[in-house]
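To start, the structure itself, in structure tokens.
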Amino acid sequence: MDGQHPDGGKSADPKAEAKTGALTFILITVTLNMMGVGLAWPILPKLVQEMGNGSVSQAAAVYAIIGSIFAISQFLFSPLIGSLSDRFGRRPVMLVCLAGLGADYVLTAFAPTFFWLAVVRFFGGIFAATITTANAYAADISTPENRARNFGLIGAAFGAGFILGPLIGGWLGAINIHYPFYAAGVLTLVNVIFGYFTLPESLPGERRRQLVAKDANPFVALTRLGSFPALTPLLIGLLITATAQRGLESVWVLYTDFRFGWGIREAAWSLAFVGVAYFVVQGFLVGPVVKSLGEWRTVIFGFMLGCLAFLATAIAEQGWMVYPLVALYALGNGLGVPALTAICSKTVETDRQGQLQGALQSINAVAVIVGPFSASLLLAHVSSQNPLFNLPGAWFVLGALASAIATVLAVGANKRLSANSW
């Protein structure tokens, strides 16, 4: 009767059940967290615009600086957050980050000047590294067979939160520009309470690492990726495509105002649609597509779709045209990034997943520094009264070029690695 219920049926694997429950908890936590982000983040450029003279050009220029401060802070502290989760566990690090992020939302609403807004966003960057711990958590409870699927589900949870967040944020922001930040702070506090009572620890004591100073150095974290030279071209592709995406995200609200005359609600609806697209792709398509094409082909296919979507968006002249193009981009990026993350995750031991995710987050943080700063300044120029060139979608042309280069790099990287993925 060993391994069976008294009625003769086979019992479920308790370890498998525990992992399934743990993944459910982390997915709910990530969803609530992204609802808070979706409430406040799309409204921030409009808050900057309201604090200034109301022009798109000035708001884009100021937002370039404020966004860079946030991104630099995130870059500097993400490896530390990842290493702390390797040392003390995923659960306490995630809860502390969420609490700090909730406080940042409330303080953002109260910021009276651009200077204080920049100060608040600097501290917000420190606590905004929850993706580092969430990915490490997913890696802890994943097997090689379901790793890409689990990372896809994390992405789907982000998408689910980003469906409701912008919708609520757009509605509240149209009433009062500060309301979404208050709502995001309250929601994040609820998330902390929920996680405190329900989120189990995924990293047992025997698998934890001692905290080493160099592991918290963001520049060391980047150079450590050089330990996998065969993956270097792929990681360069990730960097340039992430730079293009982060730039797109940062200027979307102001760009659609300038290009299509959209207000807060219209921009929020489009961002909610992005959330729906990512939820569908990463929640239902990643697993089957990776199983059918393999991880490498999925990455290459995703980069190619991203190139096409960027190029078409650059020449779109009507607001309704961006919806199918956003869906196309979500399909490519939503498939490619989880597959790429899975490839990277397989290269390190279980006790270094937090360190790896911190390093990958540092790459993303570099993209968040360069992308929004460059895209915002470019938008500030093309939306000014006397631009040197009249190309409103200039950033999207650059994004298409980045995706094309990434596709070539991915093909080359695959040729230098094992053909088993094909």
Side-chain angles (χ1 to χ4, degrees), residues 34 36-78 97 100-131 165-166 169-170 172-173 176-185 188 218 242-258 264 267-268 271 361-362 364-384 395:
M34 281 309 297
V37 174
L39 276 165
W41 168 73
I43 311 301
L44 186 58
K46 286 293 185 180
L47 179 63
V48 172
Q49 188 176 16
E50 184 181 87
M51 292 174 69
N53 62 16
S55 73
V56 170
S57 183
Q58 188 212 45
V62 173
Y63 188 67
I65 299 173
I66 292 176
S68 295
I69 290 173
F70 176 88
I72 290 171
S73 174
Q74 191 175 34
F75 168 74
L76 293 175
F77 288 94
S78 286
C97 284
L101 195 60
D104 176 74
Y105 289 137
V106 176
L107 292 174
T108 298
F110 283 108
T113 64
F114 288 143
F115 172 78
W116 285 110
L117 183 60
V119 171
V120 170
R121 296 309 289 159
F122 174 83
F123 285 99
I126 298 175
F127 296 111
T130 52
I131 180 59
L172 292 176
N176 186 299
I177 198 70
H178 298 90
Y179 285 177
F181 298 95
Y182 297 136
T188 306
T243 299
Q245 182 184 356
R246 299 288 90 82
L248 180 159
E249 294 169 351
S250 68
V251 300
W252 184 254
V253 174
L254 295 177
Y255 173 78
T256 54
D257 180 359
F258 168 65
I264 291 179
L271 290 171
Q361 188 68 7
S362 292
N364 184 64
V366 171
V368 174
I369 295 171
V370 178
F373 184 77
S374 303
S376 296
L377 289 184
L378 189 57
L379 177 62
H381 174 72
V382 299
S383 62
S384 63
W395 183 255

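Excluded from the calculations below are hydrogen atoms, water molecules and symmetry mates; all remaining heavy atoms, backbone and side chain alike, are included.
- For the pair Lys46/Met51, no side-chain contact is recorded, criterion being any heavy-atom separation below 4.5 Å from C-beta on.
- Ser374 places no side-chain N or O within donor-acceptor distance of the main-chain N or O of Gly371, the cut-off being under 3.5 Å.
- From Trp252, atom CH2 reaches atom CG of Leu379 across 12.0 Å, with rounding to the nearest 0.5 Å.
- With rounding to the nearest 0.5 angstrom, the CZ atom of Phe70 is 12.0 Å from the OG atom of Ser250.
- Around CZ of Phe114, the count of heavy atoms belonging to other residues, nucleotides or ligands within 6.0 Å exceeds 12.
- Residues satisfying the side chain to side chain donor-acceptor pair (under 3.5 Å) test with Gln58, not counting sequence neighbours, are none.
- In this structure, CD1 on Ile264 lies 10.5 Å from CG on Leu172, to the nearest 0.5 angstrom.
- Looking at Phe181 and Leu44, their side chains come closer than 4.5 Å, going by heavy atoms from C-beta outward.
- Atom CD1 of residue Ile177 and atom CG of residue Leu47 lie 6.0 Å apart, to the nearest 0.5 angstrom.
- Smallest separation of non-hydrogen atoms from Gly185 and Val106: CA-CG2, 4.1 Å.
- Of the options Leu107, Asp104, Ile65, a side-chain contact (heavy atoms from CB on, under 4.5 Å) to Arg121 is made by Asp104 and by none of the others.
- How far CH2 of Trp395 is from OG of Ser376: 9.0 Å, rounded to the nearest 0.5 Å.
- Pairing each heavy atom of Ile43 with each of Gly169, the nearest pair is CD1-O, 3.8 Å.
- In the displayed structure, Phe258 atom CZ is contacted under 6.0 Å by more than 12 heavy atoms of other residues, nucleotides or ligands.
- Here the side chains of Asp257 and Val253 are not in contact, with every heavy-atom distance at 4.5 Å or above.
- Distance alone, capped at 3.5 Å, is enough to place a donor-acceptor pair between the Ser57 side chain and the Ala380 backbone.
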Evaluate ring-ring contact (aromatic ring centres under 6.0 Å, His included) for Phe110 paired with Tyr182, printing each intermediate quantity in order. CA-CA 10 Å; Phe110 283 108; Tyr182 297 136; 5.7 Å; yes

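- Ser73 contributes atom OG, which lies 9.0 Å from atom CZ of Phe127 (distance to the nearest 0.5 angstrom).
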